[in-house]
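Have a look at the structure below, then the notes.
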Amino acid sequence: MIVAFSVAPSGGTSSDSVHDAVAAAVRVVRGSGLPHRTSSMFTEIEGEWDEVMAVVRAATEAVGAYGSRVSLVLKADIRPGRTGELDGKLERLEAAIAEQESAAP
């Protein structure tokens, strides 16, 4: 499965930095050893249900140190038996775009 998630603190002081909290979450993801990718809005992580959710939980807990509340947004693509989809989905998308461009008049 692939999970895309975003986690952010709230309820901290005005001097607290959101990027420090997000950095703590991303460090957890990177330390997990699972395939992952971070963009400006979400972090994606790929693996089995229990291992992915354990990482999301640990990342959320890491952000909790930066405020009294944590907001978590999560989207999952659950495809049992599939691996390598973090890159595979993008490769298929790029192939479809290239095919459409070559067929365009």
Side-chain angles (χ1 to χ4, degrees):
M1 80 183 297
I2 298 172
V3 166
F5 74 102
S6 173
V7 61
S10 63
T13 67
S14 62
S15 65
D16 290 339
S17 174
V18 172
H19 70 263
D20 287 339
V22 173
V26 171
R27 287 183 61 229
V28 169
V29 173
R30 288 179 178 176
S32 73
L34 295 176
H36 63 276
R37 178 179 294 122
T38 298
S39 68
S40 62
M41 296 285 294
F42 285 91
T43 293
E44 299 169 328
I45 185 167
E46 183 174 17
E48 296 299 318
W49 180 278
D50 290 340
E51 60 189 1
V52 168
M53 291 303 176
V55 174
V56 170
R57 180 179 182 164
T60 302
E61 289 171 350
V63 169
Y66 292 84
S68 59
R69 298 176 81 169
V70 176
S71 172
L72 171 66
V73 176
L74 186 141
K75 181 176 181 179
D77 181 5
I78 304 164
R79 294 183 76 184
R82 299 292 294 247
T83 60
E85 289 299 286
L86 205 62
D87 293 321
K89 290 176 89 170
L90 292 175
E91 291 165 0
R92 290 189 297 276
L93 172 63
E94 291 299 332
I97 291 169
E99 183 177 317
Q100 288 177 6
E101 289 175 344
S102 68

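All residue numbers in this chain count up from 1 along the given sequence. All figures in this text were calculated on a predicted structure; none of them were measured in a lab.
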> Of all heavy-atom pairs between Val18 and Pro9, which one has the smallest distance, and what is that distance?
Replying inline: CG1-CD, 4.4 Å
> Measuring from Arg30:CZ to Ile45:CD1, what's the distance to the nearest 0.5 Å?
Replying inline: 12.0 Å
> Mind checking whether Leu90 and Phe42 sit in one hydrophobic cluster, side chains of I, L, V, M, F, W, Y counted as touching below 4.5 Å?
Replying inline: no
>> With a 4.0 Å cut-off on N to O distance, would you call Asp77 and Lys89 a salt bridge?
In response: yes
>> Check this for me: does any side-chain nitrogen of one of Arg79 and Glu46 sit under 4.0 Å from a carboxylate oxygen of the other?
In response: no
>> To check you understand the geometry: which heavy-atom pair defines the closest contact between Val70 and Gly64, and what is its length?
In response: CG2-CA, 3.5 Å
>> Ignoring hydrogens, what is the shortest heavy-atom contact between Ala59 and Val28? Give both atom names and the distance.
In response: N-CG1, 3.7 Å
> CD of Glu61: more than 12 outside heavy atoms within 6.0 angstrom?
Replying inline: yes
>> Is there a continuous path of hydrophobic side-chain contacts, each under 4.5 Å between heavy atoms, that joins Tyr66 to Leu72?
In response: no
>> Grouping I, L, V, M, F, W and Y whenever their side-chain heavy atoms are under 4.5 Å apart, do Ile78 and Val73 come out in a common cluster?
In response: no
> Do Met1 and Val29 belong to the same hydrophobic cluster, where Ile, Leu, Val, Met, Phe, Trp and Tyr are linked whenever their side-chain heavy atoms lie under 4.5 Å apart, directly or via other members?
Replying inline: yes
>> Other residues, nucleotides and ligands only: do more than 12 of their heavy atoms fall within 6.0 Å of CZ on Arg92?
In response: yes
> Is there a chain of hydrophobic side chains (I, L, V, M, F, W, Y, each step under 4.5 Å between heavy atoms) that links Trp49 to Leu74?
Replying inline: yes
>> Quick check: closest heavy atoms across Ile2 and Leu86, and the distance to 0.1 Å?
In response: CD1-N, 3.6 Å
>> Tell me the closest heavy-atom pair linking Ala25 and Val63, and the distance in Å.
In response: CB-CG2, 3.7 Å
> What's the spacing between Glu94 CD and Asp87 CG if we round to 0.5 Å?
Replying inline: 12.0 Å
> Side-chain contact, heavy-atom cut-off 4.5 Å: Val3 with Met53?
Replying inline: yes
